[in-house]
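Inspection log for the structure reproduced underneath, given as structure tokens.
What's counted below: heavy atoms across the whole structure, side chains too, no hydrogens, waters or symmetry copies. Protein chains get the first letters and strands the later ones, always in sequence-line order, with residue 1 at the start of each.
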Protein chains: 2
Amino acid sequence: MATRTRRSQRRTEALSRERIVETAVELLDAAGEGGLTFRALTERLATGPGAIYWHVANKNELLGAATDAVVAAAVAPRPAATPHSPRDGVRAVALGLFDAIEEHPWLAAQLATQLSRSPAGSVAPRIFESIGRQVRALGVPEGSWFTTASALMHYIFGAAGQNSANTAGARTLAPDVNRAEFLDTVSSAWEQLDPDDYPFTRAVANQVREHDDREQFLAGLDLVLNGIAALHTPSG
Amino acid sequence: MATRTRRSQRRTEALSRERIVETAVELLDAAGEGGLTFRALTERLATGPGAIYWHVANKNELLGAATDAVVAAAVAPRPAATPHSPRDGVRAVALGLFDAIEEHPWLAAQLATQLSRSPAGSVAPRIFESIGRQVRALGVPEGSWFTTASALMHYIFGAAGQNSANTAGARTLAPDVNRAEFLDTVSSAWEQLDPDDYPFTRAVANQVREHDDREQFLAGLDLVLNGIAALHTPSG
DNA sequence: ACCTGAACACCGTTCAAGT
DNA sequence: ACCTGAACACCGTTCAAGT
């Protein structure tokens with residue numbers, strides 16, 4: 001059923017698990033994992049801690065529910081977009097997760113934590129299904145589905161996580177420092193590393209400064225897609 | 001265990017930042033992130049919180065130092081092993097990180113958190129340099145170094161993180177349940193998903209049960225390596 | 001310089017009591 | 001069934017005081 005968020009009349013709305021989760025996501029977005037406390041929650045929802053505990057078992061479950069809600073929205077197929085090719089399908093799913101992690105920087109660490117706590121939960125299958133359908137569309141033989149989908153998922157998680165790290169890092173440094181300035185800081189720090197210990201890192205420091213996150217994410221994704229194609233080319 | 005076990009010999013050793021970090025790693029290994037508290041630390045080190053704060057600024061810094069210590073050990077080149085091929089070099093570095101995350105399950109989430117807090121810190125360059133040297137050895141042209149090394153690092157982080165999730169998950173379920181039984185549980189859960197919503201995930205549920213983590217990790221790594229080779233083959 | 005330990009503010013969680 | 005809010009155990013951190 002379609003659930004619509006109505007931002008008016010918040011205070012008169014009845015307390016519900018859904019509204020608690022929604023508020024939790026807002027608090028996480030606003031101030032990171034440290035921003036989600038039961039006190040902040042009770043204040044925003046104008047209630048007591050006992051009321052929240054009636055709807056959710058504990059903070060871990062709440063974090064899990066917040067993670068699931070955001071992931072579900074991220075991998076939900078967009079109505080208008082029908083991909084022209086299987087590769088575009090993979091890119092669409094990947095960018096959906098990439099954007100979600102960028103929009104909710106707390107998500108990367110939470111995915112690692114939540115997947116470890118309950119991989120049989122709803123988050124892992126949701127993501128896996130979404131990626132897997134594209135793998136099937138790529139023409140990968142069934143015996144390789146699991147390995148291929150896993151490899152894609154791992155690349156996407158790793159890359160999106162690192163990317164959100166850059167976004168979050170830029171925020172941590174200073175509120176008014178934008179991403180370009182932040183990358184500039186990292187690049188400069190890398191340029192000043194010991195030449196004997198860090199020759200490679202120093203050599204690419206300049207590429208750090210100039211790179212575009214999205215472009216790089218897609219370039220890496222293409223690397224993985226090429227590897228998949230190399231294994232399963234029909235012509236041989 | 002209600003009785004506190006304190007190694008009396010410890011007390012005679014001088015307190016140092018190094019010993020604090022070492023003890024922090026032990027606590028993290030034993031009980032996860034929740035196991036690292038200043039109270040547990042003071043008990044083990046037979047001291048007061050003020051003494052610890054003389055050596056480390058706060059808990060975040062301590063977590064960062066613990067992460068760095070473990071990563072440094074993981075990417076340190078092993079004396080005996082000289083890889084036979086560039087690909088073997090990549091595999092060696094990747095497996096070093098893979099094993100470290102498996103041995104220290106808290107590491108995956110900490111890497112995500114710590115890299116976001118200070119990407120200009122020591123952890124990111126350490127890992128990047130280690131992977132980058134292998135990328136250079138692979139013969140990748142310099143203009144693609146950053147993208148290629150990033151893609152490899154992202155895959156490794158994502159895969160190793162997911163893998164540690166399985167290890168940690170097995171521990172969470174029950175102390176005496178081993179990994180095979182845990183994967184069996186996940187597999188069964190996936191088999192019971194809604195056929196309309198999760199056709200792909202249900203189809204691969206059996207591959208979840210049968211897969212070997214290390215094999216799958218290396219198979220995915222080869223996928224990425226094949227993709228890299230496809231872009232930069234000097235001749236066929 | 002290095003350490004002690006009581007004290008403080010804040011956190012997640014509980015529960016007898018209300019509607 | 002759903003909510004209130006005081007209370008509890010525990011946490012990270014501080015700081016006047018000691019050596």
Query raised in the report: Given the rule in the salt bridge (charged side-chain N to carboxylate O under 4.0 Å, His left out) test, do B:Asp194 and B:Arg202 qualify, once you have shown the distances and angles that lead to the verdict?
Result: CA-CA 8 Å; B:Asp194 185 323; B:Arg202 281 169 54 96; over 6 Å; no

Report task. Could you check B:Leu111 against B:Ile127 for side chain to side chain contact (heavy atoms under 4.5 Å, CB included), going step by step and ending with a plain yes or no? Result -> CA-CA 11 Å; B:Leu111 279 171; B:Ile127 296 172; 4.2 Å; yes

Query raised in the report: Could you go step by step and tell me if B:Thr201 and A:Glu129 meet the side-chain hydrogen bond (donor to acceptor under 3.5 Å, both in side chains) rule?
Result: CA-CA 5 Å; B:Thr201 305; A:Glu129 181 69 26; 2.7 Å; yes

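Remark: the backbone N or O of B:Arg39 is paired with a side-chain donor or acceptor of B:Thr42 at under 3.5 angstrom. A donor-acceptor contact shorter than 3.5 Å is absent between the side chain of B:Ser130 and the backbone of B:Arg126.
Rounded to whole angstrom, the span from the CD1 atom of B:Ile52 across to the P atom of C:dG5 amounts to 13 Å. B:Leu15 places its CG atom 13 Å from the C1' atom of C:dA1, with the value rounded to the nearest Å. In this structure, B:Phe38 atom CZ and D:dC15 atom C1' are separated by 15 Å, rounded to whole Å. Taking atom CD of residue A:Glu33 and atom C1' of nucleotide D:dC11, one finds them 15 Å apart after rounding to whole Å. One interatomic measurement links the two molecules: CG of B:Asn58 to P of D:dC15, which rounds to 14 Å at whole-angstrom precision. Between the CZ atom of B:Arg39 and the C1' atom of C:dG5 there is a distance of 11 Å, rounded to whole Å. In this structure, CD1 of A:Ile20 is placed 12 Å from P of D:dC2, rounded to the nearest angstrom. The interatomic distance linking A:Glu43 (CD) with C:dC11 (C1') rounds to 15 Å, in whole Å.
Relative ring orientation between A:Phe146 and A:Phe128 is described as tilted, the plane-to-plane angle lying within the 30° to 60° band.
Here the nucleotide nearest the side chain of A:Thr37, chosen from C:dT14, C:dT4, C:dG12, is C:dG12.
The residue among A:Tyr53 and B:Gly48 whose nearest nucleotide of DNA chain C is located toward the 5' end is B:Gly48.
The P atoms of D:dC2 and C:dA17 are separated by 22 Å, rounded to the nearest whole Å.
Backbone-only engagement by A:Leu36 is indicated by non-hydrogen atom pairs under 4.0 Å involving sugar-phosphate atoms exclusively. A:Leu41 comes within contact range of no nucleotide atom at all, as no heavy-atom separation falls under 4.0 Å.
Between C:dC2 and B:Trp54, a contact under 4.0 Å exists linking OP1 or OP2 to a side-chain N or O. Taking only side-chain nitrogens and oxygens, A:His55 comes nearer than 4.0 Å to OP1 or OP2 of D:dC3.
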Considering only distance and modelled atom types, tabulate donor-acceptor pairs under 3.5 Å from the side chains of residues 47-56 of chain A, sequence neighbours left out.
none

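Pairs of Watson-Crick or G-U wobble type, with distances under 3.5 Å, assemble into runs of 3 or more in DNA chain C at these ranges: C:4-8 with D:12-16, C:12-16 with D:4-8.
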